[in-house]
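See below for the structure under consideration.
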Amino acid sequence: MNVFDRAYDDPVRVLDEDGTVVGEVPDLVDDELVELYRYMKLARHFDGRAVSLQRQGRMGTYPPLSGQEGAQIGSAFALGDDDWIVPSYREHGAALVRGVPLKQTLLYWMGHVDGNRAPDDANVFPVAVPIASQVPHATGAAWASTLRGEDDAFVCYFGDGATSEGDFHEGVNFAGVFDTPTVFFCNNNQWAISVPRERQTRSATLAQKAEAYGIDGVQVDGMDPLAVYAVTKAAVEKARDPDADRPRPTLIEAIQYRFGAHTTADDPTVYRDEGEVETWKRKDPIPRLERYLRAEGVLDDERVAEIEAGVKTQVADAIDEAESVPRPGPRDLFEHAYAELPPELRAQYESFAATREEHGDAAFLEE
Amino acid sequence: MNVFDRAYDDPVRVLDEDGTVVGEVPDLVDDELVELYRYMKLARHFDGRAVSLQRQGRMGTYPPLSGQEGAQIGSAFALGDDDWIVPSYREHGAALVRGVPLKQTLLYWMGHVDGNRAPDDANVFPVAVPIASQVPHATGAAWASTLRGEDDAFVCYFGDGATSEGDFHEGVNFAGVFDTPTVFFCNNNQWAISVPRERQTRSATLAQKAEAYGIDGVQVDGMDPLAVYAVTKAAVEKARDPDADRPRPTLIEAIQYRFGAHTTADDPTVYRDEGEVETWKRKDPIPRLERYLRAEGVLDDERVAEIEAGVKTQVADAIDEAESVPRPGPRDLFEHAYAELPPELRAQYESFAATREEHGDAAFLEE
Amino acid sequence: MTETQNLTLVQAVRDGLYTEMGRDDEVVVLGQDVGKNGGVFRATEGLFDEFGGDRVVDTPLAESGIVGCAVGMAAMGMKPVPEIQFSGFMYPGFDQIVSHMARFRTRTRGRFTLPMTLRAPYGGGIRAPEHHSESKEAFYAHEAGLKVVMPSTPHDTKGLLIAAIRDPDPVVFLEPKLIYRAFREDVPTEAYTVPIGEAATRREGDDVAVFTYGAMTRPTLEAAENLAEEGIECEVVDLRTVSPLDREAIVDAFERTGRATVVHEAPKTGGLAGEITAIIQEEALLYQEAPITRVTGFDVPYPLYALEDYYLPNVTRVEEGIREAVEFNP
Amino acid sequence: MTETQNLTLVQAVRDGLYTEMGRDDEVVVLGQDVGKNGGVFRATEGLFDEFGGDRVVDTPLAESGIVGCAVGMAAMGMKPVPEIQFSGFMYPGFDQIVSHMARFRTRTRGRFTLPMTLRAPYGGGIRAPEHHSESKEAFYAHEAGLKVVMPSTPHDTKGLLIAAIRDPDPVVFLEPKLIYRAFREDVPTEAYTVPIGEAATRREGDDVAVFTYGAMTRPTLEAAENLAEEGIECEVVDLRTVSPLDREAIVDAFERTGRATVVHEAPKTGGLAGEITAIIQEEALLYQEAPITRVTGFDVPYPLYALEDYYLPNVTRVEEGIREAVEFNP
Ligand SMILES: Cc1ncc(C[n+]2csc(CCOP(=O)(O)OP(=O)(O)O)c2C)c(N)n1
Ligand SMILES: Cc1ncc(C[n+]2csc(CCOP(=O)(O)OP(=O)(O)O)c2C)c(N)n1
Ligand SMILES: [Mg+2]
Ligand SMILES: [Mg+2]
């Protein structure tokens with residue numbers, strides 16, 4: 001049976017909450033499974049450290065991803081080398097898998113624009129903050145790929161709230177019409193800041209919004225990394241190599257939960273129950289996969305301890321690296337607005353540089 | 001059976017192309033049926049005259065409605081006195097039924113902004129030219145009605161092309177969430193200027209876009225005025241007086257065809273077949289209803305001739321009236337930008353008035 | 001004696017809404033997270049509990065929907081006060097703002113007026129993420145049919161907000177989030193209005209007129225104090241409303257000084273400093289003794305926050321701009 | 001000798017697209033009705049037949065989708081040329097234009113450049129329906145990261161359009177639809193560029209500098225001819241690009257005349273005439289002999305067409321503005 005041929009409210013599942021197999025396990029070798037697990041641990045640990053950095057005033061506002069590792073890592077893991085991701089602001093986990101170093105992510109949230117420049121070989125679009133605005137980009141970029149006769153797939157991430165924006169509608173509709181190789185991956189974490197999923201739209205599922213565009217829509221348990229992997233893989237393959245009867249684009253609704261605050265500036269206790277959080281924590285993707293891998297004999301205490309130690313070092317190193325990057329200077333402010341600095345902008349820069357020269361940096365920098 | 005409980009691609013129908021009854025005839029008395037017929041004849045005749053006025057240089061660009069009378073008149077006829085319509089730019093037929101004099105419509109397309117001010121007792125929103133931009137207005141206005149404890153329904157008109165715009169999506173989604181008494185009436189006339197319906201979206205029907213908003217969606221034969229009446233009436237009643245199980249808002253897809261050009265500035269022969277036009281002309285709503293009414297003994301040659309004569313006079317009078325309205329003056333340019341003219345704007349007006357005084361109107365008016 | 005409360009600027013926003021909602025049932029607040037959460041800046045805190053979910057409405061995440069629904073409500077005579085979470089997110093609703101909110105009255109010859117007030121926090125300096133620090137009032141000031149208000153004190157904020165809500169015309173109300181909590185002021189508990197379109201002189205001086213508004217008022221005043229120690233006396237005019245501009249106040253202050261500086265955080269090119277300069281030389285060229293200097297944001301996209309201290313006009317740059325205007329000798 | 005064709009301005013648009021699409025496979029045209037229909041103004045006529053439906057693409061009716069997809073294509077290195085049917089319909093795509101098209105390069109430190117050209121016909125005078133006659137270039141000129149081009153002749157149109165398509169930066173290309181078919185000019189058949197950012201002097205004169213662009217260039221030149229009969233010699237500078245402005249050309253023309261008028265059809269407040277005035281008095285105050293006059297659209301929503309002749313600057317108003325600048329005596 002094709003994975004897309006199911007009711008919209010029947011999520012694809014592989015592992016139960018306790019790690020028992022309840023669906024078709026995707027074809028991954030042990031090393032890959034461990035790597036998937038390691039990435040989730042890394043993302044989780046990074047997340048906690050990033051939140052502390054913010055609390056300590058070493059970083060600005062930061063959007064935690066804890067709880068959403070299964071969806072992010074599971075999906076990014078399903079991509080081929082030449083495929084792309086088009087993220088929102090919460091997909092550092094997915095970006096990491098696709099080659100964006102943690103240092104970059106830290107820099108970005110530390111207010112260094114360099115953090116938004118992924119390495120040239122990382123097929124990752126920049127963070128998109130205006131909600132859903134990246135959706136048409138993913139359609140356009142994927143369209144370019146087919147126009148050039150290439151066969152890259154593009155996975156676009158966005159939240160449940162994003163489905164209400166016009167850009168979601170326009171971007172997915174274009175994808176349907178031009179049959180672009182795009183996978184629209186909705187991280188339905190139940191909340192758009194303080195607005196619960198049920199107040200975002202009256203449709204029973206988000207997956208069924210695919211009906212409006214004549215494309216496949218499917219739900220997946222977003223806290224089941226193997227299920228996410230499987231469904232994303234199927235969608236990417238269909239995008240790359242369509243069969244005659246199905247459209248290339250797919251809308252995936254990955255049901256999950258954000259354990260933490262919307263961002264470090266948010267206090268979720270104002271609008272949601274601790275009880276709800278606790279319920280969802282039972283679905284935590286990390287112990288779930290761990291239980292399965294232990295049961296399969298792929299992981300044991302030693303291996304887990306090793307991974308945990310490695311993850312800690314990796315994050316600590318990234319923080320050191322990021323914090324040792326010098327504060328950018330005025331030149332960085334003017335660079336790249338245009339390919340070449342127009343004369344008036346050069347004049348603005350020079351005049352500012354002279355003022356700074358005269359008064360010293362202290363006259364400008366707060367803190 | 002509830003009229004909304006049907007497949008999305010199974011349009012509500014009452015009369016066959018030849019006027020034979022194939023569905024449930026709505027409860028209208030003879031006088032009402034004749035009035036419905038008369039309005040359609042009036043709209044059709046008006047349309048032809050408006051196109052000629054444009055050709056003769058007596059009016060600017062004009063968007064003809066010929067072929068779409070069944071949908072416009074049938075739907076507007078189903079409203080209660082206090083209900084509202086929120087039109088696009090092509091619904092002069094519906095506006096007419098709701099109390100906008102033909103003279104106003106002429107004035108509007110003659111470039112007089114007065115034409116966009118409906119009489120105070122006509123529950124009609126202004127013409128909306130930016131596609132789909134009126135959709136959220138209809139939601140907001142209907143929402144205001146429920147907030148005030150009133151029970152007015154709001155029918156919002158737009159085209160097939162409009163369903164691709166973000167404003168369609170956002171406006172209908174809000175209606176679903178806030179359960180507003182809005183009827184979204186899509187005049188699917190198969191074309192958005194030169195873009196055919198199939199290139200607008202990959203969804204098989206437009207009615208099924210309702211799935212994305214958790215509201216009812218239904219197709220109707222838009223060239224069958226009685227079917228349109230019936231389905232609009234049902235939607236308006238549900239909006240006004242919801243039953244517990246169904247949402248108030250409804251998306252109606254009225255399948256129809258524009259016989260003429262998109263506007264008088266358009267040449268449809270560039271992008272569509274004459275054959276297609278001919279096929280659709282067989283569904284013309286006017287002869288169809290006429291055949292039915294003749295068969296029912298409600299109309300005969302004499303009555304039809306009388307109606308035709310009346311319609312001609314009414315349109316001729318409206319044209320006379322509109323053409324005798326004097327060209328607006330500079331004061332009209334400044335009036336109403338704000339409730340009160342701000343000082344700078346007053347200064348701009350006065351300086352312009354002085355220049356005009358000095359040089360005379362001929363220095364400004366072209367032609 | 002009028003009862004007062006000692007409020008921050010954001011509390012004054014809240015108090016303005018609270019006061020006017022209590023007086024007028026047609027006032028409805030809608031936007032993202034304005035309900036239970038009380039707004040991401042707490043500008044609507046407690047209003048949900050006070051007035052209920054019908055009048056303090058959490059909407060789906062869609063700016064064009066928010067503005068567009070408010071247009072529909074306002075056309076029916078209600079007085080919606082939509083909030084856009086940050087002014088950088090007004091753009092998805094830009095079409096509704098310019099094509100409808102600004103023009104409904106003209107387009108219907110006054111049959112439909114839109115007594116709506118579109119609120120949004122604007123401006124930089126709070127170490128916010130990308131797109132959260134914009135100051136693009138010039139867009140709205142260039143669109144006829146809108147009024148654009150940018151207060152700088154708690155007292156003005158409440159009074160101007162109530163004036164905006166009562167105004168028959170649509171108002172864009174941009175709040176200086178940098179100073180949402182920067183200081184407190186005694187604010188009357190009762191409802192009152194501060195007239196839209198009138199500037200306020202914040203400091204008197206004969207040497208140079210300095211025009212500014214919103215969050216830039218404070219560094220400008222600080223610069224003026226510093227310069228006073230050097231013997232340069234600045235007249236500081238807080239415009240408060242950027243559309244319509246208080247041309248009389250601008251020209252008057254200029255005629256008395258012959259020199260001027262305009263300060264805003266918006267980018268220079270196409271910003272309102274150019275407009276103000278043009279007004280002055282149109283009406284008072286003969287008084288002019290020096291080029292009018294512009295101290296503004298640079299013509300670059302607003303940077304991520306590690307660079308924002310360089311981007312934003314600060315006391316040093318304002319002082320320098322004023323000095324340039326004062327020291328110019330033909 | 002270069003081969004030429006005698007083309008109208010809109011034919012020059014088409015020819016620019018045709019020429020560049022023939023040279024560069026990465027150039028793709030997309031928009032509403034640009035395909036089989038050849039564009040509502042015929043600006044893409046025949047391109048669909050020549051280059052096929054993959055490169056000349058009829059899109060769904062959604063401006064944000066059009067601009068946003070073009071952003072995605074351009075990020076991949078293609079050179080999309082999206083068309084918005086009328087500049088008044090750019091607003092539903094405004095967020096994509098300002099938040100992404102303008103900022104992608106800065107935001108990614110040059111990893112992603114967006115070599116895209118967003119075309120739209122702008123301006124009034126053609127008896128068009130509501131919202132079809134806007135001239136809001138000031139919005140785009142105020143958004144750093146964009147270049148904004150507004151040609152006034154067929155020759156410039158082709159050269160500037162090709163320059164825009166080849167430019168690594170995103171360009172907003174606003175076409176003066178009033179003069180799409182107003183006159184013809186010999187235009188080279190081959191590909192050529194006219195540099196973005198350089199003004200052109202259309203007429204030399206010592207008494208006053210008149211700055212304008214796009215469709216207003218013609219009435220301005222006509223006014224200059226009329227005034228010449230009275231002995232007033234105007235230097236008429238066609239800016240051609242409104243962002244970046246050719247400050248050198250502006251200052252230079254002003255210094256030689258000491259008087260200036262700026263003409264544009266956009267509303268006065270917040271329009272580019274204010275910016276140009278500010279530039280002049282910033283850089284050349286000592287040359288200034290009279291207030292710079294602004295002949296512009298009024299600060300009202302663009303009217304329905306029965307009133308547009310009163311709204312748009314015409315020869316009489318331009319003459320009057322210039323005379324005012326010339327006759328001023330301190
Ligand atoms: C256009 C726009 N409007 C508002 C915001 C402010 N905002 C940031 S995140 C957010 C909620 C997003 O919810 P969702 O799409 O569910 O994603 P999540 O944050 O839950 O991952 C809002 C309203 C924004 N960034 N962009
Ligand atoms: C936002 C916007 N974009 C483009 C246009 C130009 N335009 C006017 S009508 C039209 C086609 C509309 O098609 P449809 O929605 O099917 O309505 P119809 O004209 O067929 O009644 C277009 C593209 C517009 N008016 N508004
Ligand atoms: Mg969410
Ligand atoms: Mg249509």
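Chain A is the first sequence line, chain B the second, and so forth, proteins listed ahead of strands; every chain is numbered from 1.
Looking at Val124(B), only its backbone comes within 4.5 Å of chain C, counting heavy atoms on both sides. Both the backbone and the side chain of Val113(B) come within contact range of chain C, each with at least one heavy atom under 4.5 Å from a heavy atom of that chain. Only the side chain of Phe178(B) comes within contact range of chain C, judged by heavy atoms closer than 4.5 Å. Contact annotation for Ala118(B): both backbone and side-chain heavy atoms come within less than 4.5 Å of a heavy atom of chain C. The part of Asp169(C) that comes within reach of chain B is its side chain, from C-beta onward, which places non-hydrogen atoms under 4.5 angstrom from that chain. Within the 4.5 angstrom heavy-atom criterion, only side-chain atoms of Ser99(C), from C-beta onward, approach chain B. Interface residue Arg247(C): only side-chain heavy atoms are found under 4.5 Å from chain B. With a threshold of 4.5 angstrom between heavy atoms, Pro60(C) approaches chain B through its backbone and through its side chain. For chain B, no part of Leu245(C) is nearby; none of its heavy atoms comes within less than 4.5 Å. No part of Val67(C) comes within reach of chain B, as not one of its non-hydrogen atoms sits under 4.5 angstrom from that chain.
Taking the six-membered ring where the residue is Trp, His137(B) and His100(C) present perpendicular rings, their angle passing 60° and hence far from 30°.
Salt bridge status for Arg240(C) with Asp246(C): absent, with no side-chain N to carboxylate O gap under 4.0 Å. Glu26(C) and Arg148(B) are joined by a salt bridge, as a carboxylate oxygen and a charged side-chain nitrogen come within less than 4.0 angstrom of each other. Ionic pairing of Asp24(C) and Lys79(C) is present here: one or more N-O contacts between side-chain nitrogen and carboxylate oxygen are shorter than 4.0 angstrom. Ion pairing of Arg166(C) with Glu20(C) is present here, as a side-chain N (NZ or NE/NH1/NH2) and a carboxylate O approach within less than 4.0 Å.
For Phe211(C), the ring pair (Phe, Tyr, Trp, His ring centres under 6.0 Å) criterion is met by no residue, not counting sequence neighbours.
Ranked by heavy-atom pairs under 4.5 Å with chain B, the list Lys147(C), Glu63(C), Arg55(C), Gln96(C) is led by Gln96(C). Taking Gly145(C), Gly197(C), Ala70(C) one by one and counting their heavy-atom pairs under 4.5 Å with chain B, the maximum is reached by Gly145(C). Annotation: maximal heavy-atom pairing with chain C below 4.5 Å, among Gly115(B), Ala144(B), Ala337(B), Ala339(B), occurs at Ala339(B). Here Gly110(C) is the residue among Pro244(C), Ala144(C), Pro168(C), Gly110(C) with the most heavy-atom pairs under 4.5 Å with chain B. Between chain B and the options Ile66(C), Val28(C), Thr113(C), Asp167(C), the largest number of non-hydrogen pairs under 4.5 Å is found for Ile66(C).
For the residue pair Tyr157(B) and Gln72(B), no side-chain donor N or O sits within less than 3.5 Å of a side-chain acceptor on the partner. Between the side chains of Ser164(B) and Gln200(B), at least one donor N or O lies within less than 3.5 Å of an accepting N or O. Thr201(B) and Lys209(B) share a side-chain donor-acceptor pair at under 3.5 Å.
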Would you sort out whether Asp167(B) and Gln134(B) count as a side-chain hydrogen bond (donor to acceptor under 3.5 Å, both in side chains), showing the intermediate values?
CA-CA 8 Å; Asp167(B) 267 5; Gln134(B) 74 276 23; over 6 Å; no
